[in-house]
Visitor: 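First the structure, which I've put down as structure tokens, then a few questions once you've had a look.
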Amino acid sequence: MFLSWQNWQKNSSFRWVVGVAIAFFIISLGLTLHRYFSFYASYDQGIFNQVFWNSAHGRLFQSSLSSALSTNVVHQGEFPSVSYHRLGQHFTPALLLWLPLYTLFPSPVTLTVLQVTLITVAGLVLYVLARQHLEPPLAALITVSFYAANAVIGPTLSNFHDICQIPLFMFTALLAMEKRWWWLFWVCAILILMVREDSGINLFGIGVYLILSKRYPMQGVLVCLLSFGYILALTNFIMPLFSADISERFMMERFGQYADGEEASTLEILWGIINNPGRLIVELFTPFWGTLKYLLGQWLPLAFIPAIAPASWMIAGFPLLKLFMAKGESVLSITIRYALTVVPGLFYGTILWWGNRQQRLTEQAQLTSETVAKISLPSPKFKRFWLFCIGLSLFFSFTSNPHRNLYFIIPDSIDPWVYIPVTTQWSHVAQFRPLIDAIPADASVATTTYIVPHLSGRREILRFPLYQLRNDAGDVISVEYILADLWQLQKYGVAFSGDRDALKEITQRIEQLTDQKEYGIIEFRDGVILMKKGVPSQPEAVKNYTSFLARS
């Protein structure tokens with residue numbers, strides 16, 4: 001039997017979506033795996049891998065790498081601790097969903113595959129969600145826009161992060177709401193809350209939409225009360241049980257402009273905002289061009305429809321508000337994880353906007369449902385513009401070289417010139433990998449940023465130049481091994497002050513440790529130094545290290 005034209009069209013649209021999803025998965029996974037194996041994955045990948053590794057060994061959410069970033073270490077000068085619970089920094093119980101998978105395949109690579117998979121599957125759920133209101137071609141176009149969005153591509157190509165769960169949980173919750181599968185909706189609502197301490201803001205947006213749209217106002221009120229109450233209870237009472245980071249570090253780093261003292265709870269920040277609305281207005285609109293650029297980047301893959309879609313503002317407005325009222329350069333970066341929190345609301349609002357347009361067209365023309373199905377939305381002219389926007393979004397996504405995934409194609413700096421060919425980087429990796437293999441799997445170690453992920457599956461690890469921590473016995477110890485990639489810092493230090501300063505600090509620490517004979521240099525290859533506690537330095541290794549410094 002031959003398929004009807006309508007069924008064939010539906011199947012072709014779905015095949016198009018599946019093809020794009022497969023391409024997105026293969027390209028994203030290929031780039032992120034290459035980034036990891038060529039030693040460009042960085043600190044956060046190591047943090048999450050150590051959190052999973054410790055959790056798989058019964059020490060839930062503990063991490064010495066996270067401890068090194070805690071307020072106790074950064075502000076009070078204490079030593080990092082292996083028993084530090086990361087839940088004091090970010091409350092992320094949803095990660096336990098994936099712990100069985102990690103236990104089967106304990107590796108940072110597992111987290112990379114998981115992240116790309118979650119984002120890819122979220123796009124497929126988005127297509128099913130769009131089909132609740134739209135014909136297959138338009139639903140497919142919206143889904144393709146998702147896979148082409150800079151705010152999706154950038155965070156997908158980054159280190160593993162907890163926010164990669166948000167699109168899947170949000171789209172599934174909205175689909176459950178459309179289908180009136182309330183049991184699934186509430187399951188997803190709980191999962192959204194469990195992603196992070198601030199993900200309740202995303203759920204709050206759904207609640208506001210349910211109220212203002214008058215579709216399910218009672219459920220909307222419950223969602224708003226649940227999400228708002230959860231955030232306040234979690235950040236003011238539960239997270240402080242683990243550490244003081246939420247009030248002494250994170251609130252102050254992002255929202256300290258609304259506080260009077262050196263620490264503040266979320267309640268105190270909210271009161272500071274209410275008490276000083278002028279400061280809030282200034283924060284929301286400054287920097288003006290940076291804020292506008294950010295919004296245009298978020299709207300671009302959907303041909304700017306979210307800008308005029310009321311539901312987009314209802315749902316995505318609250319994550320946007322959180323970003324715009326915060327301080328720091330990263331909040332307005334569309335390629336990092338925070339941008340992903342805005343995406344679900346923008347796309348769902350766009351779906352509803354096109355669905356309402358279809359409905360108005362039907363009512364105005366008084367057409368039969370069979371005739372309406374044949375109407376082409378958007379118009380050919382607008383579709384060409386939309387496809388141009390998708391192409392432009394892809395162009396900006398990859399030319400921005402998110403998280404240095406394309407370091408082997410795009411120079412990191414033009415003036416001064418900084419470019420590392422793929423052959424050079426892989427040759428470098430091949431030369432120093434034996435140094436990594438020389439470190440026992442259970443040994444304590446301190447290493448530089450881009451080696452951290454590869455050694456993070458252990459109890460005691462720090463980012464050098466930190467090299468002392470508090471172990472399970474409560475004693476402060478110096479790590480057994482130190483491994484530092486000076487070559488990479490030297491290459492990038494030509495153009496980037498952060499790498500230049502890190503190289504200076506690390507070489508000073510190496511000189512201090514070797515002069516005091518606390519550590520000996522046992523190997524030096526291609527700009528990578530391996531040191532061991534309590535042993536004499538090898539003359540040949542010292543000679544190579546000295547020669548490297550002389551050429552720097």
Visitor: Would you mind reporting whether L232 and F237 have side-chain heavy atoms less than 4.5 Å apart?
Guide: no

Visitor: Classify the ring geometry between W299 and W313 as parallel (under 30°), tilted (30 to 60°) or perpendicular (over 60°).
Guide: perpendicular

Visitor: Check this for me, if you would: do R337 and D44 make a salt bridge, where the nitrogen-to-carboxylate-oxygen distance has to be below 4.0 angstrom?
Guide: yes

Visitor: Of all heavy-atom pairs between S13 and P137, which one has the smallest distance, and what is that distance?
Guide: OG-N, 3.4 Å

Visitor: Output all residues satisfying ring pair (Phe, Tyr, Trp, His ring centres under 6.0 Å) with Y230, sequence neighbours left out; order by chain, then residue number.
Guide: none

Visitor: Decide, yes or no, whether a salt bridge links E178 with R131 under the criterion of side-chain N to carboxylate O below 4.0 Å.
Guide: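 No, no charged N to carboxylate O under 4.0 Å.
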
Visitor: Please indicate whether R404 has more than 12 foreign heavy atoms, meaning atoms of other residues, nucleotides or ligands, lying under 6.0 Å from its CZ.
Guide: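 Correct, the count exceeds 12.
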
Visitor: Does a side chain donor of either Y102 or N49 reach within less than 3.5 Å of an acceptor in the other side chain?
Guide: yes

Visitor: Check P155 against I336 and note the closest heavy-atom contact, atom names and distance.
Guide: CG-O, 3.3 Å

Visitor: Can Y84 and Q89 be counted as having a side-chain donor-acceptor contact under 3.5 angstrom?
Guide: yes

Visitor: Side chains of I231 and E197, heavy atoms from C-beta outward: is any pair under 4.5 Å?
Guide: no

Visitor: Indicate yes or no for a side-chain donor-acceptor contact from Q298 to the backbone of A339 under 3.5 Å, with no hydrogens or angles considered.
Guide: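 Confirmed, Q298 side chain pairs with A339 backbone.
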
Visitor: So, the side chain of N275 versus the backbone of W271: is there a donor-acceptor pair under 3.5 Å, distance only?
Guide: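 Not a single qualifying donor-acceptor pair exists.
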
Visitor: Take I153 and L394, measure what side-chain contact (heavy atoms from CB on, under 4.5 Å) needs, and give me the verdict at the end.
Guide: CA-CA 9 Å; I153 293 173; L394 285 170; 3.7 Å; yes

Visitor: Taking side chain to side chain contact (heavy atoms under 4.5 Å, CB included) as the test, write out the residues that go with H85, two or more places apart.
Guide: Q62, F242

Visitor: Does the N276 side chain pair with the main chain of I273, one donor and one acceptor, at a distance under 3.5 Å?
Guide: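 It does not hold such a pair.
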
Visitor: Given the rule in the side-chain contact (heavy atoms from CB on, under 4.5 Å) test, do T110 and F52 qualify, once you have shown the distances and angles that lead to the verdict?
Guide: CA-CA 10 Å; T110 301; F52 270 96; over 6 Å; no

Visitor: Ignoring hydrogens and geometry, is there a side-chain-to-backbone donor-acceptor pair from S63 to L65 under 3.5 Å?
Guide: yes

Visitor: Is there a ring pair (Phe, Tyr, Trp, His ring centres under 6.0 Å) between W353 and F304 once you walk through the steps?
Guide: CA-CA 12 Å; W353 188 89; F304 304 102; over 10 Å; no

Visitor: Going through the checks in order, is the side-chain contact (heavy atoms from CB on, under 4.5 Å) test met by S28 and L157?
Guide: CA-CA 6 Å; S28 298; L157 298 182; 4.1 Å; yes

Visitor: Students often mix this up, so state it plainly: with edges at 30° and 60°, are the rings of F228 and F204 parallel, tilted or perpendicular?
Guide: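 If you compare the ring of F228 with that of F204, the planes turn out tilted.
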
Visitor: Is it the case that the side chains of R86 and N54 hold a donor-acceptor pair, with the cut-off being a distance below 3.5 Å and no angle test?
Guide: no

Visitor: Quick one, I315 and P344 - any side-chain contact, counting heavy atoms below 4.5 Å?
Guide: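 I315 vs P344: side chains apart.
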
Visitor: With no hydrogens and no angle check, do the side chains of W386 and S145 hold a donor and an acceptor under 3.5 Å apart?
Guide: yes

Visitor: Got a second to check how far K383's NZ is from I390's CD1, nearest 0.5 Å?
Guide: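 Answer for the NZ-CD1 pair, K383 versus I390, is 9.5 Å.
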
Visitor: Looking at L126, T156, I119, which one forms a side chain to side chain contact (heavy atoms under 4.5 Å, CB included) with P167?
Guide: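 Result: among L126, T156, I119, I119 is the only option passing the side chain to side chain contact (heavy atoms under 4.5 Å, CB included) with P167.
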
Visitor: Please confirm whether the backbone N or O of P453 pairs with a side-chain atom of S456, one donor and one acceptor, at under 3.5 Å?
Guide: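 A pair under 3.5 Å: yes.
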
Visitor: Working note: L296 + K293, criterion side-chain contact (heavy atoms from CB on, under 4.5 Å); need CA distance, chi angles, decisive distance, verdict.
Guide: CA-CA 5 Å; L296 293 176; K293 180 183 176 183; 5.8 Å; no

Visitor: Among F185, W182, Y209, which residue meets the ring pair (Phe, Tyr, Trp, His ring centres under 6.0 Å) test with Y216?
Guide: W182

Visitor: Over all heavy atoms of both residues, which pair between P402 and S397 is shortest? Give the atoms and the distance, please.
Guide: CD-O, 3.1 Å

Visitor: Any donor-acceptor pair under 3.5 Å linking the side chain of T335 with the backbone of G154?
Guide: no

Visitor: Counting N and O atoms only, with roles assigned by atom type, does the side chain of N202 sit under 3.5 Å from a partner on the main chain of T341, one being a donor and the other an acceptor?
Guide: yes

Visitor: With I281, which residues qualify under side chain to side chain contact (heavy atoms under 4.5 Å, CB included), at least two apart?
Guide: F285

Visitor: Parallel under 30°, tilted from 30 to 60°, perpendicular over 60°: which one fits the rings of F169 and W98?
Guide: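 The arrangement is parallel - the two ring planes meet at less than 30°.
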
Visitor: So does F382 have more than 12 non-hydrogen atoms from other groups sitting under 6.0 Å from CZ?
Guide: yes

Visitor: Taking atom NZ as the centre, does K322 end up with more than 12 heavy-atom neighbours from other residues, nucleotides or ligands that are less than 6.0 angstrom away?
Guide: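 More than 12 heavy atoms, drawn from other residues, nucleotides or ligands, come within 6.0 Å of this atom.
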
Visitor: Under a 3.5 Å distance rule, please check whether T350 uses its side chain to pair with a backbone N or O of L346 as donor and acceptor.
Guide: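 At least one qualifying donor-acceptor pair exists.
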
Visitor: Please state whether the rings of Y407 and H34 are parallel, tilted or perpendicular, taking 30° and 60° as the class boundaries.
Guide: parallel

Visitor: Would you mind reporting whether I246 and P240 have side-chain heavy atoms less than 4.5 Å apart?
Guide: yes

Visitor: Any donor and acceptor pair, going by atom type alone, linking the side chain of S199 with main-chain N or O of I192 inside 3.5 Å?
Guide: yes

Visitor: Any chance the rings of F105 and W53 have centres within less than 6.0 Å?
Guide: no

Visitor: Please check if any side-chain donor atom of D162 sits under 3.5 Å from a side-chain acceptor atom of T92, or the reverse.
Guide: no

Visitor: Donor-acceptor pair, distance only, cut-off 3.5 Å: does the side chain of D245 make one with the backbone of T71?
Guide: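 Confirmed, D245 side chain pairs with T71 backbone.
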
Visitor: If you draw a 6.0 Å radius around CZ in R279, do more than 12 non-hydrogen atoms from other residues or ligands fall strictly inside?
Guide: no

Visitor: Could you check whether any side-chain heavy atom of V343 comes within less than 4.5 Å of a side-chain heavy atom of V152, counting everything from C-beta outward?
Guide: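 Answer yes - side chains close enough.
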
Visitor: Any heavy-atom pair between the side chains of Y127 and P136 that's under 4.5 Å?
Guide: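 Yes, side chains in contact.
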
Visitor: Which atoms form the tightest heavy-atom contact between L332 and G290, and what is the distance?
Guide: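 Closest heavy-atom pair between L332 and G290: CD1-C, 4.0 Å.
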
